[in-house]
Number of protein chains: 2
Amino acid sequence: MAVSPPPQAPPTRLLVVEDDDTIRETIAEALSSEGFEVDAVGSGSTALERFKGSPDNPSCDLVLLDLMLPGVSGLDVCRYVRRRGFSTPIIVVSARDSETDRVVGLEIGADDYLVKPFGMRELVARCRALLRRSARNGDSGAKEVLRFEDITLYPEECRVTRGGQEVNLSPKEYRLLEVFMQSPKRVWSRDKLLERVWGIDFMGDSKTVDVHIRWLREKLETNPSAPTYILTVRGFGYRFG
Amino acid sequence: MAVSPPPQAPPTRLLVVEDDDTIRETIAEALSSEGFEVDAVGSGSTALERFKGSPDNPSCDLVLLDLMLPGVSGLDVCRYVRRRGFSTPIIVVSARDSETDRVVGLEIGADDYLVKPFGMRELVARCRALLRRSARNGDSGAKEVLRFEDITLYPEECRVTRGGQEVNLSPKEYRLLEVFMQSPKRVWSRDKLLERVWGIDFMGDSKTVDVHIRWLREKLETNPSAPTYILTVRGFGYRFG
DNA sequence: ATAACACGATTAACATTTGCGTAGAGCTAA
DNA sequence: TTAGCTCTACGCAAATGTTAATCGTGTTAT
């Protein structure tokens, strides 16, 4: 397959729910080292907080859920998540090994049921398989059009307009703008931008960002030397809006 | 007013691939009694015949695949199915129990890996869970004629015309055009196209896409070097329209 | 206030990537 | 066999990305 594409997509976010500190850490580490962004919590109630928002805007892309939790059990979490309308993929992880346990877990809305102890390679493979399946169904593909004042960015079409006029951006310029528009007002350091747009393995100078910002301004701003969209925050970086 | 007939959903069709007659019968019976339509075959080569058609017209909705088959192995079947671009859910069923076996199975494109012996209730639960997850794809059967300007694509007949004139496309060219026409304006990266048209485990170069795009333009465009249908989006991929 | 300094802006030279077009080899089916 | 399809390889040209040197401007210490 071709060279992996630059990180135009934000990293996949996994929620790990497990009360045993050792296991939780092991899992979190294994998944992090595979490039996932891991949010590891130790209780069901904390897990529930991650699903307070709208199902259209889930705070994670996949849940690893231990069943035997003190207080709010894993089954409760699963039920709650589904009842609230989230279709986030869930892999249940449990020491309970009976067929009935598995069936109940799956029927309650989990996508997979993995019995402890298990190997990290299998865990990762199952996560990947499930994410692959979910991605294909476009659950996560609902990229919304981003707007700010008279600027519009169409993620599906890699296209930007200002005041209805097409703006022709290079890939780096486009991704910079995309990152900016995904969180207006937020200040981005050069390093964070490099990480988001160029990828973690970029080894060059952070000054590179300056140049691309300049070019982006050239194409977006009315007066590139007195920008109104992409603002400089001296000593910190840049922000949009 | 007449009573409207109950909206009858077509039954879910499962393909069971298992060489052991007893096991195959047991599985087929268990699944039939759950309301599934079961197509049980005893060899890999027979299974392959079920995937001769177009990925948009799969002959089944889920595959239960034994790995240890005489002749064409289960892994071969899985690989073939994915390589041809089918996204049909696959549950691998195997006596092989090592973590490596499972990881390989999942990485090759299976959605789940179930170790023999297993209970029928769990099997059914896993089928249901997987179908539930895949269901969002839902539009199996839509098969509408796709039009854009003077180009028309007839999915049922795998046929394309431009200005009423028949355009003779190879399978890859046809699939490419089909993917494009299913979402006009949308930008497709080479990798995404490989995934959609070639299947997830295609191991070749993404430059391959370029060449097929070239051929497609050759047959579709008035001036292939100045395309008006299939446009290049430098740094991102291609788009239609 | 002003000089020294730090940081960002700007530009141009240079390097790399990307896409196009072509040719040819491997494979399969008629 | 021939013919069609698929994939890989290579060279070219243009677009894009990176580096580095210089210029401006705001900040700070004296």
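Here is the naming used below: chain letters follow the sequence lines, and residue numbers restart at 1 for every chain.
Nearest nucleotide to the B/Tyr238 side chain, out of D/dT18, D/dT8, C/dG19: C/dG19. If you check C/dG19, C/dG21, D/dT18 against the side chain of A/Phe202, the one that comes closest is D/dT18. The side chain of B/His212 has D/dC7 as its nearest neighbour among C/dG19, C/dT11, D/dC7. Side-chain atoms of A/Lys172 lie closest to D/dT18 of the nucleotides D/dT18, C/dG8, D/dC7. Side-chain atoms of A/Lys207 lie closest to C/dG8 of the nucleotides C/dG8, D/dT6, D/dA20. When distances are taken from the side chain of A/Trp198 to each of D/dA9, D/dT18, D/dC5, the shortest belongs to D/dT18.
One finds a side-chain N or O of A/Arg217 lying less than 4.0 angstrom from the OP1 or OP2 phosphate oxygen of C/dA9. The side chain of A/Thr208 places an N or O atom within less than 4.0 Å of a non-bridging phosphate oxygen (OP1 or OP2) of D/dT19. Taking side-chain N and O atoms only, B/Ser170 has a distance below 4.0 Å to OP1 or OP2 of D/dT6.
Checking A/Met203 against B/Lys219, the closest nucleotide of DNA chain D that is more toward the 5' end is the one next to B/Lys219. Comparing B/Glu173 and A/Asp205 along DNA chain D, the residue whose closest nucleotide (by nearest heavy atom) sits nearer the 5' end is B/Glu173. Two residues, B/Asp210 and B/Arg214, neighbour DNA chain C, and the one matched to the more 5' nucleotide by heavy-atom proximity is B/Asp210.
The interatomic distance linking A/Trp215 (CH2) with C/dA9 (P) rounds to 14 Å, in whole Å. Rounded to an integer number of Å, the gap from B/Arg234 CZ to D/dG17 C1' is 11 Å. With rounding to whole Å, A/Asp191 atom CG is found 15 Å from C/dC7 atom C1'. Rounded to an integer number of Å, the gap from CZ of A/Arg190 to C1' of D/dG17 is 17 Å. Atoms CD1 (A/Ile213) and C1' (C/dA9) sit 12 Å apart, rounded to a whole Å. Look at CG on A/Leu169: it is 16 Å from P on D/dA15, rounded to the nearest Å. When rounded to the nearest whole Å, the span between CG of A/Asp201 and C1' of D/dG17 equals 15 Å. Rounding to whole angstrom units, CD of residue A/Glu218 and P of C/dA12 are separated by 11 Å.
With ring centers used as reference points, B/Phe148 lies under 6.0 Å from B/Phe240.
Under the 3.5 Å distance criterion, with hydrogens and angles disregarded, a donor-acceptor pair is assigned to the side chains of A/Asp150 and A/Tyr229. With no hydrogens or angles considered, a side-chain donor-acceptor pair links A/Tyr238 and A/Arg190 at under 3.5 Å.
Looking at heavy-atom distances under 4.0 Å, A/Tyr174 makes no contact with the nucleic acid at all.
Contact check on B/Arg126 versus A/Asp112 returns a salt bridge, with a Lys/Arg side-chain nitrogen under 4.0 Å from an Asp/Glu carboxylate oxygen. Classification of B/Glu178 and B/Arg175 as a salt-bridged pair holds, one side-chain N sitting under 4.0 Å from a carboxylate O.
Although no hydrogens or angles enter the test, the distance criterion places a donor-acceptor pair under 3.5 Å between the side chain of A/Arg239 and the main chain of A/Gly241.
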